[in-house]
Undergrad: 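Please read through the structure below; I'll follow up with questions.
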Protein chains: 2
Amino acid sequence: MDNLLKYIHSLTVFSEESWESLQPALSKKQFKKNDFLLHEGQICNSLFYIDSGYCKSYYEVDGAKKNTAFFFENDIATNISSFGSGEKSEYNIIACEPLTVVIFDKQQLFKAAKETAEIEALGRNCIRLFASKQEEFSTLFKLYSAQERLKYLEVNHPDMLQRVSLSQLASFLGVARETLSRIRKRRTLV
Amino acid sequence: MDNLLKYIHSLTVFSEESWESLQPALSKKQFKKNDFLLHEGQICNSLFYIDSGYCKSYYEVDGAKKNTAFFFENDIATNISSFGSGEKSEYNIIACEPLTVVIFDKQQLFKAAKETAEIEALGRNCIRLFASKQEEFSTLFKLYSAQERLKYLEVNHPDMLQRVSLSQLASFLGVARETLSRIRKRRTLV
DNA sequence: TTAATCCTGTGACGATCGTCACAAAATTAC
DNA sequence: GTAATTTTGTGACGATCGTCACAGGATTAA
């Protein structure tokens with residue numbers, strides 16, 4: 001839980017007592033590669049703090065898997081719509097490597113947040129960060145071409161390129177795998 | 001303020017006292033068409049509740065304006081990254097029509113939230129909705145072609161098509177104005 | 001009402017992308 | 001270590017898209 005505590009302190013003021021009050025909402029869990037953290041049709045009742053490894057969210061459209069996000073160490077993974085509204089998830093979250101997470105249980109978290117203002121503030125900050133990240137990647141598509149989007153990742157998220165395979169990345173960037181391969185070739189020649 | 005109060009009640013439990021405590025954070029403001037709610041380089045210290053009219057966010061890239069979001073009645077407009085982190089905004093928010101908003105002042109809001117748990121919860125819910133919306137439109141680009149994105153808006157946000165001009169919409173959908181014009185033509189013929 | 005400005009449609013053409021097909025390379029399983 | 005599987009590279013080709021150019025229609029300002 002060390003990483004999580006550091007993460008929390010980087011976000012907000014958090015006392016020893018708040019940390020104690022938060023404990024009932026927390027549980028550590030391991031996932032093997034290709035295990036589901038969240039399955040399409042399920043209701044998302046958790047925030048997943050990524051301790052080690054990484055996972056991704058993807059839609060299944062006409063049999064094809066389309067990646068919509070990757071979550072690495074110190075990220076929070078969740079379906080924010082389903083978590084907030086209680087409706088069924090339209091997509092999956094799956095481990096891409098052996099994965100260790102700390103699960104925030106929604107019901108317990110809300111209970112703790114009601115009693116402890118710092119926990120409520122923590123929840124708000126987690127969601128805010130999540131929203132910022134969504135906004136960042138949403139903007140990518142409106143501002144840049146496929147080639148420019150790749151460059152953006154190289155500059156701003158080089159870790160992602162290191163760990164995610166070309167095929168998986170292509171899906172995330174919204175282009176065919178062959179196209180990404182050719183973009184990469186074009187770029188290295190220039 | 002009637003619309004705002006209804007909006008708040010649709011999001012969360014909110015007592016008469018909480019509403020009173022919130023007042024110091026609120027102020028009503030009118031914008032003319034093409035007035036800036038937020039200018040690139042400014043720090044965003046407000047949440048803008050849209051009471052009537054609509055506005056948009058856009059980046060200025062190489063002299064070209066690229067729309068990234070539209071905000072209509074009962075939406076919250078803000079730069080969530082700048083609002084959260086205190087860093088300068090990289091984009092603009094501008095009124096597309098005569099606009100009436102209720103401004104949530106950040107400092108006053110945080111002060112009120114510290115003292116009133118329901119206000120803290122309201123803030124969290126506003127941000128959550130904002131995140132859900134970002135996620136929705138972010139996903140659009142990863143799952144669908146330009147033509148399918150247009151269809152999605154027709155089905156899920158017909159109001160947007162009614163009020164936003166073709167040129168403005170094209171920028172939001174990430175295609176050239178001419179392309180959107182041709183997509184529309186293709187579709188009406190089939 | 002008239003002029004100026006903005007918005008939309010359309011043709012031409014080159015650039016980019018998606019799809020299919022198959023081979024090579026890398027990874028995984030046994 | 002070998003076989004099976006997955007991932008990546010590449011050619012061909014048709015579809016879509018961006019850009020430039022210009023004309024007509026709609027809207028706005030005086």
Side-chain angles (χ1 to χ4, degrees), chain A residues 32-35 53-54 56 58-67 70 94-99 140-154 160-190, chain B residues 32-35 53-54 56 58-67 70 94-99 140-154 160-190:
Chain A
K32 290 177 200 155
K33 184 172 176 177
N34 293 328
D35 278 355
Y54 79 99
K56 69 174 181 183
Y58 71 92
Y59 281 74
E60 194 119 22
V61 184
D62 302 331
K65 292 173 181 175
K66 309 240 181 176
N67 300 330
F70 294 100
I94 195 174
C96 302
E97 291 178 352
L99 190 69
L140 266 188
F141 286 85
K142 288 162 192 153
L143 299 190
Y144 303 129
S145 68
Q147 181 164 343
E148 291 168 327
R149 294 201 290 277
L150 177 61
K151 182 165 186 176
Y152 180 89
L153 290 190
E154 286 174 346
M160 194 185 290
L161 298 184
Q162 294 298 318
R163 296 175 74 177
V164 177
S165 77
L166 179 139
S167 309
Q168 298 304 316
L169 191 67
S171 170
F172 176 71
L173 285 175
V175 295
R177 150 191 97 65
E178 297 91 334
T179 300
L180 186 55
S181 176
R182 286 173 184 128
I183 288 175
R184 207 157 68 169
K185 190 182 171 191
R186 275 211 302 270
R187 285 179 42 72
T188 53
L189 293 180
V190 177
Chain B
K32 289 176 201 155
K33 184 172 176 177
N34 294 326
D35 278 354
Y54 79 99
K56 69 175 182 183
Y58 72 92
Y59 282 74
E60 192 117 23
V61 183
D62 302 329
K65 292 174 181 175
K66 309 242 181 176
N67 300 330
F70 295 100
I94 195 173
C96 301
E97 292 178 351
L99 190 69
L140 266 187
F141 286 85
K142 288 160 193 156
L143 299 189
Y144 303 129
S145 67
Q147 181 163 344
E148 290 167 327
R149 293 202 290 278
L150 176 62
K151 183 166 186 176
Y152 180 89
L153 290 189
E154 285 173 347
M160 194 185 289
L161 298 185
Q162 293 298 319
R163 296 175 74 178
V164 177
S165 77
L166 180 139
S167 309
Q168 298 304 317
L169 191 67
S171 171
F172 176 71
L173 286 174
V175 296
R177 155 190 93 67
E178 296 91 336
T179 301
L180 185 56
S181 176
R182 285 172 184 128
I183 288 175
R184 207 157 69 169
K185 188 183 172 191
R186 273 210 304 271
R187 286 179 42 72
T188 53
L189 293 180
V190 177

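Every chain is numbered from 1 and lettered A, B, ... according to where its sequence line falls, protein lines coming before strand lines. No hydrogens, no waters, no symmetry mates; every other heavy atom, side chains included, goes into these values.
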Undergrad: What's the shortest heavy-atom distance between B:Leu150 and B:Leu161, and which atoms?
TA: CD1-CD2, 4.2 Å
Undergrad: Quick one: list whatever passes ring pair (Phe, Tyr, Trp, His ring centres under 6.0 Å) with B:Phe141, sequence neighbours left out.
TA: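 B:Phe141 satisfies ring pair (Phe, Tyr, Trp, His ring centres under 6.0 Å) with A:Phe141 once adjacent residues are dropped.
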Undergrad: On DNA chain C, does the nearest nucleotide to B:Thr179 precede the nearest nucleotide to B:Gln168 from the 5' side, or the other way round? Give the residue.
TA: B:Gln168
Undergrad: Report the distance from atom CD1 of A:Ile183 to atom CZ of A:Arg149, rounding to the nearest 0.5 Å.
TA: 8.0 Å
Undergrad: Distance check: side-chain N/O of B:Lys185 vs OP1/OP2 of C:dT10, anything under 4.0 Å?
TA: yes
Undergrad: Go through DNA chain D in 5' to 3' direction and return only the first and the last nucleotide with some atom under 4.0 Å of chain B's heavy atoms.
TA: D:dC17 to D:dA21
Undergrad: What are the two closest heavy atoms between B:Ala95 and B:Lys32, and how far apart are they?
TA: CB-O, 3.4 Å
Undergrad: How does protein reach along nucleotides 22-30 of chain C, written 5' to 3' as B (base within reach of a heavy atom under 4.0 Å), S (only sugar-phosphate), or - (no contact)?
TA: ---------
Undergrad: Which side-chain N or O atoms in residues 164-177 of chain A pair as donor and acceptor under 3.5 Å with protein atoms at least two apart or in another chain?
TA:
unit_1	atom_1	unit_2	atom_2	d
A:Ser165	OG	A:Gln168	N	3.4
A:Gln168	OE1	A:Lys56	NZ	2.5
A:Gln168	OE1	A:Asn67	ND2	2.9
A:Ser171	OG	A:Asn67	N	2.7

Undergrad: With B:Arg163, which residues qualify under salt bridge (Lys or Arg N to Asp or Glu O under 4.0 Å), at least two apart?
TA: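 Result, salt bridge (Lys or Arg N to Asp or Glu O under 4.0 Å) vs B:Arg163: B:Glu73, B:Glu97.
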Undergrad: Nearest-nucleotide wise, let me know which of A:Leu166 and B:Gly174 is further upstream toward the 5' end of DNA chain D.
TA: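 Here A:Leu166 is the residue nearer the 5' end.
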Undergrad: Applying side chain to side chain donor-acceptor pair (under 3.5 Å), can you list everything that pairs with B:Glu60, at least two apart in sequence or on another chain?
TA: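 Residues passing side chain to side chain donor-acceptor pair (under 3.5 Å) with B:Glu60: none at all.
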Undergrad: Got a sec, which residues hit side chain to side chain donor-acceptor pair (under 3.5 Å) with A:Tyr58, two or more places apart in sequence or on another chain?
TA: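 Counting only residues at least two positions away or on another chain, A:Tyr58 forms no side chain to side chain donor-acceptor pair (under 3.5 Å).
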Undergrad: Using five base pairs at each end, measure the axis-to-axis angle across the helix from C:dT1-D:dA30 to C:dC30-D:dG1 and round it to 10 degrees.
TA: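 End axes: 70° apart.
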Undergrad: Check the distance between C:dC7's P and B:Leu180's CG and give it to me in whole angstrom.
TA: 14 Å
Undergrad: Over how many whole Å does the gap from B:Ile183 atom CD1 to C:dG9 atom C1' extend?
TA: 14 Å
Undergrad: How long is the gap from NZ on B:Lys33 to CG on B:Leu99, to the nearest 0.5 Å?
TA: 12.5 Å
Undergrad: If you pin B:Val164 and A:Ala176 to their nearest nucleotides in DNA chain C, which one's is more 5'?
TA: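 Nearest-nucleotide comparison on DNA chain C picks B:Val164.
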